[in-house]
Amino acid sequence: PFMANIRSAEKNIRKTAARTAHNQTVKSRMRTLRKNVLTAVEKKDAAAASTSLSAFASAADKAAKTNVIKKNTASRLKSRLAVKVGALTK
């Protein structure tokens with residue numbers, strides 16, 4: 001789609017495309033893991049919810065570390081899910 005005239009600009013386009021594809025993969029995986037937690041919470045399965053939450057928390061922290069999402073966003077998502085999972089054990 002872009003016609004770069006300079007070799008470094010062509011390389012930057014390739015790098016951006018690769019980075020974007022990787023970031024989309026990471027975000028998609030996070031959405032899936034988040035849905036897993038929410039599904040377990042809906043089914044009132046505390047063990048599965050807890051396991052899913054730890055997997056999601058790990059993925060969110062890794063995404064935040066590589067700036068795919070912001071640190072506070074990861075923290076907020078983890079906190080909201082933790083509250084829901086915690087409500088199951090009470």
Going by side-chain contact (heavy atoms from CB on, under 4.5 Å), name the residues that satisfy it together with R14, two or more places apart in sequence or in a different chain. E10, K11

Kindly say whether A55 contributes a backbone atom to a donor-acceptor pair with the side chain of S58 at under 3.5 angstrom? no

How long is the straight-line distance from CZ of R19 back to CG of N67, given to the nearest 0.5 Å? 11.0 Å

Hits for side-chain contact (heavy atoms from CB on, under 4.5 Å) against T73, two or more places apart or cross-chain, chain-then-number order -> K70, R76, L77

Not counting sequence neighbours, which residues clear side-chain contact (heavy atoms from CB on, under 4.5 Å) with T20? List them please. T16, Q24

Rounded distance (nearest 0.5 Å) linking atom OG of S54 with atom CG of L81: 11.5 Å

About how many Å separate CZ of R80 and OG of S75, when rounded to the nearest 0.5 Å? 10.5 Å

Without placing hydrogens or testing angles, list every side-chain donor-acceptor pair under 3.5 Å for residues 30-48, not counting sequence neighbours.
residue: T32; atom: OG1; partner: S28; partner atom: O; Å: 3.0
residue: T39; atom: OG1; partner: K35; partner atom: O; Å: 2.7
residue: D45; atom: OD1; partner: A47; partner atom: N; Å: 3.4
residue: D45; atom: OD1; partner: A48; partner atom: N; Å: 3.3

What residues, two or more places apart in sequence or in another chain, satisfy salt bridge (Lys or Arg N to Asp or Glu O under 4.0 Å) together with D61? K78

Search all heavy atoms of A60 against all heavy atoms of I69 and return the closest pair with its distance. O-CD1, 4.0 Å

Would you please name every residue forming a side-chain contact (heavy atoms from CB on, under 4.5 Å) with A82, sequence neighbours left out? L53

